[in-house]
Amino acid sequence: MTPAAHESSTERSLNFIEQIIEEDISAGLHDGRVLTRFPPEPNGYLHLGHAKSICLNFGLAQRYGGQTNLRFDDTNPVTEDTEYVDSIKADVRWLGFEWAEERYASDYFEQLYNFAETLIQKGLAYVDESTAQEIAAMKGSPTVPGQNSPYRDRSVEENLSLFRQMRAGTFPDGAKVLRAKIDMASPNMHFRDPIIYRIKHAHHHRTGDTWCIYPMYDFAHGQSDAIEQITHSVCTLEFIPHRPLYEWFIEQLAIFPSKQYEFARLNLTYTVMSKRKLKKLVEGGFVTGWDDPRMPTLAGIRRRGYTADSLREFCERIGVAKRDNLIDVGLLEFCIREELNRTTDRVMAVVDDKPIKLVLTNYPEGKEETLHIENNPEDETAGTREVPFGRKVYVERDDFMEVPSKKYFRLAPGKMVRLKGAYIVQCDEVIKDETGEVTELHCTYIPESKSGQDTSGLNVKGTIHWVSVAHAVPAEVRLYDRLFAVENPAVEEKEMESDDDNAFLSLLNPTSLVTVKALVEPNLADRAVGSRVQFMRKGYFTVDADSTPGHLVFNRTVTLKDAWAKEVKKA
RNA sequence: AGCUCGAUAGUAUAAGGGUAGUACAUCAGAUUUUGGUUCUGUCUGUCUAGGUUCGAAUCCUGGUCGAGCUACCA
C-alpha cells in the first residue's frame, strides 16, 4: 500500500517513525522497500513492553507493504535457552503476527568473526589482555578521559594471531578480549575502545560448542541488521548512545546501511516491566510463575483473560514517541472491556464466601421454572440461555443492607428489587444466626412481574443477580487486582534510597489476589478452559487452566466499571 | 560534572510558521431489567526567559526540570 492510499483509509496521524519511513519511501530509499525486525534475546519471557515493540515493528511493515524478521539476539550463551525461543515464538504468534524469516544472530557468527578480522586488518581492533578491572579503570568517566591500554598498539599480525588463538580456545574465559580501536577520550563512553569479542567457554543453545568467543551486542546487532538488509531498525531509547557505534561499524565494514531509530519504552502504572524484577517475583514465589495472571508478561496477561486483539488495540492507542511515559493501566482495562462487552455472554455468579439465602415465602414449595435470559444485550445474535429458578436463591451479601443509605437501591428491609430475568421481590424479614449475622431474607415475589411479561406496573430501581440454590454449581474465583500498591513502583523504589535491591517487593499489593468461593449458573459447568464470560454486575472472567472436572476455577480479567463503588468511596 | 535525548490537559498522543485537536481518566445529566453498555455535556494544557516573524507549541539562544550513558548484558 502506498502512503497516499493509506492516508485516505485512516484517520490516525502518523507517529514519528512512520513519518520517517514515508519520507524514505518518497525519496526512493531502498526502492521503497521496508524490512523491520523484532530482536528479542531468548533469556526470558515477553511482556507488555515487548508487545509494544512487536506491534510497532510488525505494524510498520504491514502498513508499508514490507515484512518483519524475527531475530533472536543470542550472543550470550550463558543466559540464553531454547525454552525461551519457543515461548517467544508462541507469544508473537498469539499476538497475531507472522514473521517473514526466523533468524538468529548466531547464524552469523562466522560472518561476524570475519568482520572482526577485517577490522583488525584495518588496524581498527586489537586484542587486550588487561583484566576487566583494569579495563574499567582505564575507561575513565564521562568527565574524565580514559587511558589507552598498553596493548592498544600491537601489530596487525600479532592481533590477528592472538584473535585466532582466542577462537581456537587457547585462552581461558576473560583472559583476553578484542576491542575496537576508536577513541579513549570520546564523550560517548561507547566509543572508548568498546569490547567486541569476549571468551566464553560456554555451550550455546544453537551452535553448541563450536565457539568459545562470542561477539558483544554492539558488534552483532547492527551487522545482523545489515546482513538481513533491515531498512529500519527500531529499538528503545537506551540505545541512542549506541547509534554512533552502530553506524561506525557499518561504515568501517562497508556493509548494508541499516538505520537505527529509537522510541520510548512502555511503562505501565501499578506494575514493573524489568526482566530482572519480574524474575525476582517468580523466583521469590511472590507470584505463581511467569504466567501468573498478575504478571505483565504476555503469558500472564493471556491467562488473565486478555485477548490479543485488545492488546493490539492498546498498543495502537498508547502511541509511539520519544518522551518517557507512564501509561495508566486503566487504558489497558478499557481496551479489554470494550472488546469483552461486545463479545462475551452474560451469566450470573454469586461470588461470595458467605452468600445470603433468599426465600420466596409465597412461591410454591417444590416449584421450578426455566427462565430464558438474553446472553448479550449488545449482540442480538447471541441468543438466550435457560436458567433454572426456584423458591430459594442465593444473592450476594453486598446486595443487602439492613440500614440502607439514601442512594442504595438494592435489597433492604421493606424494599423491592428485581431478580435479573425473573421477578420483583420484596424483602419482608431478616433472619440472623446467633452471632447476629444475616443468613436468610424472607421475601415475597410479585407473580405478575415476571421478566418479559410484567403487568405489575411496578418500577424498581435495583436489579440484582442470583443463582438458584437447588441448581447452583460451586466454583473457585480468583479476584485479581494490580500487582503493586503504588502507581509507579520504579520511582518509589528510587525514592526509598535503599541499597537492598529487593526493596521494591515491599510495594507489592497484598490483595492482588483474593480467592473466593462462588455459586454459578449450572450452564457454566462445562465451559472450556480459556472461555470468557461476563459475570453480571461483577466483571469479565475466564476459565483458568487449573480447572478440573467438578472444580471450576475462574480468573477475573477485569471488573466492570463500578459507579456505585465510587459513590461508596466518596462517602 | 561531560555527552545525549526529551518537555503540549490527570495520563498518553496530534497540530511540521496561521482556530491547540483526539483518546483514556474526571465531573454532571439522559437512557437502562447489569450502579454495565450507550448518548450528551463538562473540566483542566503548549516548562521558563529572551529572540526571529504580520503571526511561534512549532524556528533560534539561554535557563529549568526529567531521563539515559560510565557491564567481558542486551
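The sequence lines fix the lettering, A, B, ..., with proteins before strands; numbering per chain opens at 1.
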Practice problem: If a pair satisfies side-chain hydrogen bond (donor to acceptor under 3.5 Å, both in side chains) and one of its residues is in residues 195-206 of chain A, list it, with sequence neighbours excluded. | Solution: A:Asp74-A:His205, A:Asp107-A:Arg206, A:His203-A:Asp209, A:His204-A:Thr207

Quiz item: Which residue pairs pass the side-chain hydrogen bond (donor to acceptor under 3.5 Å, both in side chains) test when at least one of the two sits in residues 562-571 of chain A, sequence neighbours left out?
Solution: A:Lys407-A:Glu567

Write down the distance between [atom1] ([X]) and [atom2] ([N]), rounded to a whole number of angstrom.
X        : N     : atom1 : atom2 : answer
A:Lys570 : B:G35 : NZ    : C1'   : 12 Å
A:Glu339 : B:U37 : CD    : P     : 16 Å
A:Asn15  : B:A12 : CG    : C1'   : 14 Å
A:Glu262 : B:U4  : CD    : P     : 14 Å
A:Glu316 : B:A12 : CD    : C1'   : 13 Å
A:Phe16  : B:A12 : CZ    : P     : 16 Å
A:Tyr270 : B:G10 : OH    : P     : 17 Å
A:Arg532 : B:G36 : CZ    : P     : 23 Å

Practice problem: Using side-chain hydrogen bond (donor to acceptor under 3.5 Å, both in side chains) as the criterion, list what pairs up with A:Asn76, not counting sequence neighbours. | Solution: none

Exercise. Please name all residues satisfying side-chain hydrogen bond (donor to acceptor under 3.5 Å, both in side chains) with A:Glu83, sequence neighbours left out, ordered by chain then number.
Key: A:Tyr45

Any Lys/Arg nitrogen of [X] or [Y] sitting under 4.0 Å from an Asp/Glu carboxylate oxygen of the other?
X        : Y        : value
A:Asp128 : A:Arg154 : no
A:Lys139 : A:Glu134 : no
A:Glu369 : A:Lys450 : yes
A:Asp225 : A:Arg71  : yes
A:Glu313 : A:Arg317 : yes
A:Arg346 : A:Glu521 : no

Practice problem: Between B:A56 and B:A20, how far apart are the C1' atoms? Round to whole Å, please. | Solution: 12 Å

Practice problem: Extract the stems that RNA chain B is part of, considering only consecutive pairing runs of at least three Watson-Crick or G-U wobble pairs, both distances under 3.5 Å. | Solution: B:2-7 with B:64-69, B:10-13 with B:21-24, B:27-30 with B:38-41, B:47-51 with B:59-63

Quiz item: With A:Lys176, which residues qualify under salt bridge (charged side-chain N to carboxylate O under 4.0 Å, His left out), at least two apart?
Solution: A:Glu129

Quiz item: With A:Glu262, which residues qualify under salt bridge (charged side-chain N to carboxylate O under 4.0 Å, His left out), at least two apart?
Solution: A:Arg243, A:Lys322

Quiz item: Is there a residue in residues 45-56 of chain A whose heavy atoms reach under 4.0 Å of RNA chain B, and which residues are they?
Solution: none

Quiz item: Nucleotide by nucleotide, 5' to 3', does protein get under 4.0 Å of the base (B), only the sugar-phosphate (S), or neither (-) in nucleotides 65-74 of chain B, counting heavy atoms?
Solution: --SSSB-BSB

Quiz item: How does each nucleotide of nucleotides 29-34 of chain B score, in 5' to 3' order, for protein heavy atoms under 4.0 Å: base (B), sugar-phosphate only (S), or none (-)?
Solution: ----BB

Quiz item: Counting any heavy atom closer than 4.0 Å, what does A:Phe191 reach on the DNA or RNA strands: base, sugar-phosphate only, or nothing?
Solution: nothing

Exercise. Mind checking A:Val320 for me? I need base, sugar-phosphate or nothing, with any heavy atom below 4.0 Å counting as a touch.
Key: sugar-phosphate

Quiz prompt | Pairing residues for A:Thr463 by the side chain to side chain contact (heavy atoms under 4.5 Å, CB included) criterion, not counting sequence neighbours | solution = A:Arg418, A:Lys420

Quiz item: So which nucleotide from B:U11, B:A1, B:A14 ends up closest to the side chain of A:Thr143?
Solution: B:A1

Self-check item: Sub-4.5 Å side-chain heavy-atom contact between A:Ile327 and A:Asn267
Solution: no

Just the atom pairs and distances: protein N or O near nucleotides 22-26 of chain B's N or O, under 3.5 Å.
{"residue": "B:A23", "atom": "O2'", "partner": "A:Arg317", "partner atom": "NH1", "Å": "2.5"}
{"residue": "B:U26", "atom": "OP1", "partner": "A:Lys566", "partner atom": "NZ", "Å": "2.4"}

Practice problem: Quick one: sort the A:Phe72 and A:Tyr104 rings into parallel, tilted or perpendicular, breaks at 30° and 60°. | Solution: parallel

Practice problem: Using the six-membered ring of A:Tyr540, assess whether NZ or CZ of A:Arg532 lies under 6.0 Å from its centre and within 45 degrees of the ring axis. | Solution: no

